[in-house]
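In what follows, a single structure is set out as structure tokens and then discussed.
Each chain gets a letter, A, B and so on, in the order the sequences are listed, and its residues count up from 1. Excluded from the calculations below are hydrogen atoms, water molecules and symmetry mates; all remaining heavy atoms, backbone and side chain alike, are included.
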Amino acid sequence: MEYSPRQIEKKWQTYWEEKQVYKTDIDPDKPKYYILDMFPYPSGAGLHVGHPLGYIASDIMSRYKRHSGFQVLHPMGYDAFGLPAEQYAIQTGVHPAESTRKNIQRYRQQLENLGFDYDWSREVATCDPDYYKWTQWIFLQWFQHYYCTEADKALPISQLVEEFEREGNHGTTAFDNQDSPKFSAEEWKAFSARKRDEILMNYRIAYRKTAYVNWCPKLGTVLANDEVKDGKSERGGFPVERKPMVQWSLRISAYAGRLLEDLDGLDWSESLKTIQRNWIGKSTGAMVQFSLENRDDRFEVFTTRPDTLFGVTFMVLAPEHPLVDEITTEAQKTEVEEYQRRAAAISERARQANVDDISGAFTGGYAIHPVTGKRLPVWISDYVLMDYGTGAIMAVPSDDERDHKFARHFELPIIPVVDKSSDDPEEHTIINSDFLNGMKVAAAKKRIIRELEAKGTGRGEVKYKLRDAIFSRQRYWGEPIPIVYDEEGVAHPLPEEELPLELPDTNDYKPGADGRSPLSKIEDWVNLPGGYKRETDTMPGFAGSSWYFLRYMDPGNDSAFADRTAIEYWRDVDLYIGGTEHAVGHLIYARFCHKFLYDTGQVVSNEPFRKLINQGMIQGIIESIFMDKRQSDPARFVCASVAEKEGMNNFTGILVHADFVKEYGAQDSYLNEDSIRKFLNWQPDFANAKFECPGGVYQNSEFTPHPGSGATENHLLTHSEVGKMSKSKYNVINPDEVIEEYGTDCFRMYEMFLGPIEQSKPWDTMGIDGVSKFLRRFWELFFKDGNFTFTDENPPKEARVTLHNTIKRVREDIERFSFNTCVSHFMVCTNELRKAKTQSREILEPLIVLIAPFAPHLAEELWQLAGREGTVTKAPYPDYDPEVLKKDELTYPVAVNGKKRTELTVPADMPKQELEKTVAENEVILKWKEGKDIKRIIVVPGKMINVVIK
RNA sequence: GCGGGUGUGGCGGAAUUGGUAGACGCGCCAGACUUAGGAUCUGGUGCCGCUAAGGCGUGGGGGUUCGAGUCCCUCCACCCGCACCA
């Protein structure tokens, strides 16, 4: 019987669906295993060959765990709110709900075609009101909690209100990074509702505040920090500017310390943890207060090097620092204002690009050194950033490179305060610093902080770079924020019973007035009885994706985001697979969200993703042809060999669609006349271009051979390089097409065979033949004269060894996520069993289960042919018998001075002494010994023998 | 500049704690069967060397060891992240 994968695969996919084979539920008698793929955004383009890589790996793991007796949760769903659908709606008028629904359908089809074992009954989409009801519910929880730094967790805001009523906020331990004003209990009680609302906004986890935000005019919305790359929007690459706006934010900075510390316990790659650590950006140092000359005012600076306090010779403020206007003297006014104007005009990007340009202006004002009482001139410069630290620094030109450059440029004094004569920074000692002299850096830091604290002019402090996340989006296609404002503008949460607050229908997706969301234009939705108005901003993409892994535990639940029993059973994700692109966005937000829910007792673990694997990218081959830069009209394209002869710099590469290229993927890929016709159809601008290869020239559908060449057809070698697989490079490979040709099982195994899961590697179109051949041969092991045949014969010993060896290796390699080597073990096994020519059930039947996680359809079919009932997916995974692998004979490699020279086969139980004797008498060894002595014989039992001859 | 990672045949990659470097697959070479082959099967294939003996070989240099792709020092290349972060 011939192996016809497509037929088998469709049959079993239908079977799985009809029998709900992958439906899972709580089973307290079994250990759980929760395996999760990163939430895909269902884009219109569908999946390309790179996307399924992680899904295949998780599917193999999931199936393996099921065979191993675990209750497996392996769900899939869609991160379905987002900008692309809305941009598409603006362009085409198609409602985002409509296009999203279609895209989801397409994704679902493609995923099913890959034979994954998802429990589809748990499928979720963030844009579904049953889902976002709970996204809104979580938002309300954020709104109704604050972060207590003493308890080190989130507590109900009602407790804080009680505290304020009792004692004001003078002694509060509530987290607040906004410099909120201090008040007494009496004052609190006297405040208006509006004032109280304003104050509480300084403490709520979800809060509303005017802030400088990343405003993207082209997208018409505000973006979070991680959605901005190099001053441009991550989606679309549009310019982003800083703009003060009233926005909802999440007080994620309150969790910075825990987000950082708890990384240590996670089984994530070192590089990913480092990215998160950088993003959180902890720095330990001190806040130091400087008073101003002739003024009552003080201002604070943050420094990581308080030990260099005696080296401070001047102060620098950010140009937009509020103090600047107050301290600038009449004489310096013009200069300072001129500088402020210039600094404001330069964009953030340009400012960062000109790091080496030193600029600044003296305000004319002086600060007083908190320890020495010395006068310190106060400057402004754009190297000090308003939104980092306090927007002001103490300048230590001797030990800070930027301060040093600045001091040199403006001829300010430099006092060396650290003796750096030792190569080991830990040995550096403090000099010129009064009572710190002679101390090591670390000790001096502690000492000076003690001093400052005693004098009340400073304190030790830890700062984080992690900023609060802007949570408002001025867009339509997102979760409405469940808040209404009364006539005074006080924010009120919607009562829980009113959730979900559904997104109203509209066909006008363009932004409203003053950059407000399209929702602001739907008047009967915005305006409520009693003068109440709805919040018109919607939530960002990360709102729904920050907790989706919890919803999968109990997706249909209408009275909680998930039932307590489900949460206690599934707890957290045991294995999370996805790309690195979510390193700082999604993974920080999800961890924050999970920790918050942990604080409030809603979940039972403090981290959502215990182990995480980042799959690498699958790259494509970018094909281009050489176009002569020296002539145009008609353009001249030449073969790679011609370009090489005439000099590469005379040519430029023009991209060619990979579909047109013959022998795509081989090193000699080329265009023939058929390809050229396709190319011209695709790029009609080149209609009458010349295509020149060493044999002749093709132009206007005609090939003219060069005189003397026997060529009859054009053969234009292309330029091929490995790079991104993307639409813009015209080299996207669609998995559906590969599957149509080779089958799902083959596609799955080939993707795994390409290399380690974490590594990026190019898609090699030719290589898949090898896996296809292997699967056919594997299938044929089960057939004799065309009939499926199992016998009860005693198998040959080698066959048994092969089987048990394969089981051992495959089990070990799955456990360490080395799926590429698993595939090669199956290949080796097949090659060996083909030689052994056995139909023994004892050998062949375990192989069916062994390969099932990798090639599930093929395994199901063979299982059925073997006469077994039902599905193979629940059969126990085979185990190996160490007895079978015990050898009676061992073949030792024998090395002389570390180089292998011969082999020696001996009984496995030969004593060491005798073994050494045998080696010493071996003729090859005797030959090497000639004229020298055997100094030593090293026997590593079972491994190798090394003879030292000198 | 700082931090993290990776360097192995023509290519993708193997080598679990230091123990036969290059498993497996692609490609290439030769042969068989065939009207034909981009089908199938068999064998070969790191480099130098006559098919031999042998030598050289895991980015370069040095070290530890009986033995190093693996450990240590040093340099180089590439990739990723951060970056006037006080």
Report, one line per pair, each donor and acceptor closer than 3.5 Å where one atom sits in a side chain of residues 302-310 of chain A; sequence neighbours left out.
residue	atom	partner	partner atom	Å
Thr303(A)	OG1	Arg305(A)	N	2.9
Arg305(A)	NE	Asp307(A)	OD1	3.1
Arg305(A)	NE	Asp307(A)	OD2	3.3
Arg305(A)	NH2	Asp307(A)	OD2	2.9
Thr308(A)	OG1	Arg305(A)	O	2.8

In a table with atom names and distances, give each donor-acceptor pair under 3.5 Å that connects a side chain of residues 749-758 of chain A to protein atoms at least two apart or in another chain.
residue	atom	partner	partner atom	Å
Tyr750(A)	OH	Asp764(A)	O	2.6
Glu751(A)	OE1	Leu53(A)	N	3.4

### Summary
Its contact letters, B for base, S for sugar-phosphate only and - for none at protein heavy atoms under 4.0 Å, make nucleotides 64-71 of chain B read --BS----
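At the phosphate of U6(B), neither OP1 nor OP2 sits under 4.0 Å from any side-chain N or O atom of Gln759(A).
The salt bridge (Lys or Arg N to Asp or Glu O under 4.0 Å) test applied to Asp879(A) returns Arg811(A), not counting sequence neighbours. Among residues two or more places apart in sequence or in another chain, the salt bridge (Lys or Arg N to Asp or Glu O under 4.0 Å) test is passed with Lys808(A) by Glu812(A). Contacts of Lys900(A) classified as side chain to side chain contact (heavy atoms under 4.5 Å, CB included), with partners at least two apart in sequence or in another chain: Pro893(A), Glu903(A). The salt bridge (Lys or Arg N to Asp or Glu O under 4.0 Å) check on Glu270(A) picks up Arg277(A), with sequence neighbours excluded. Shown here are the side chain to side chain contact (heavy atoms under 4.5 Å, CB included) partners of Glu261(A), two or more places apart in sequence or in another chain: there are none. Arg402(A) pairs by the salt bridge (Lys or Arg N to Asp or Glu O under 4.0 Å) definition with Asp400(A), not counting sequence neighbours. Residues satisfying the side chain to side chain contact (heavy atoms under 4.5 Å, CB included) test with Asn946(A), not counting sequence neighbours, are Ala895(A), Ile938(A), Met944(A).
Shown for residues 818-827 of chain A: residues whose heavy atoms fall under 4.0 angstrom of RNA chain B, namely Asn820(A), Thr821(A), Ser824(A), Met827(A).
With pairs defined as Watson-Crick or G-U wobble and both atom distances under 3.5 Å, the stems of at least three pairs that touch RNA chain B come out as B:1-7 with B:76-82, B:10-12 with B:24-26, B:27-32 with B:40-45, B:46-48 with B:54-56, B:59-63 with B:71-75.
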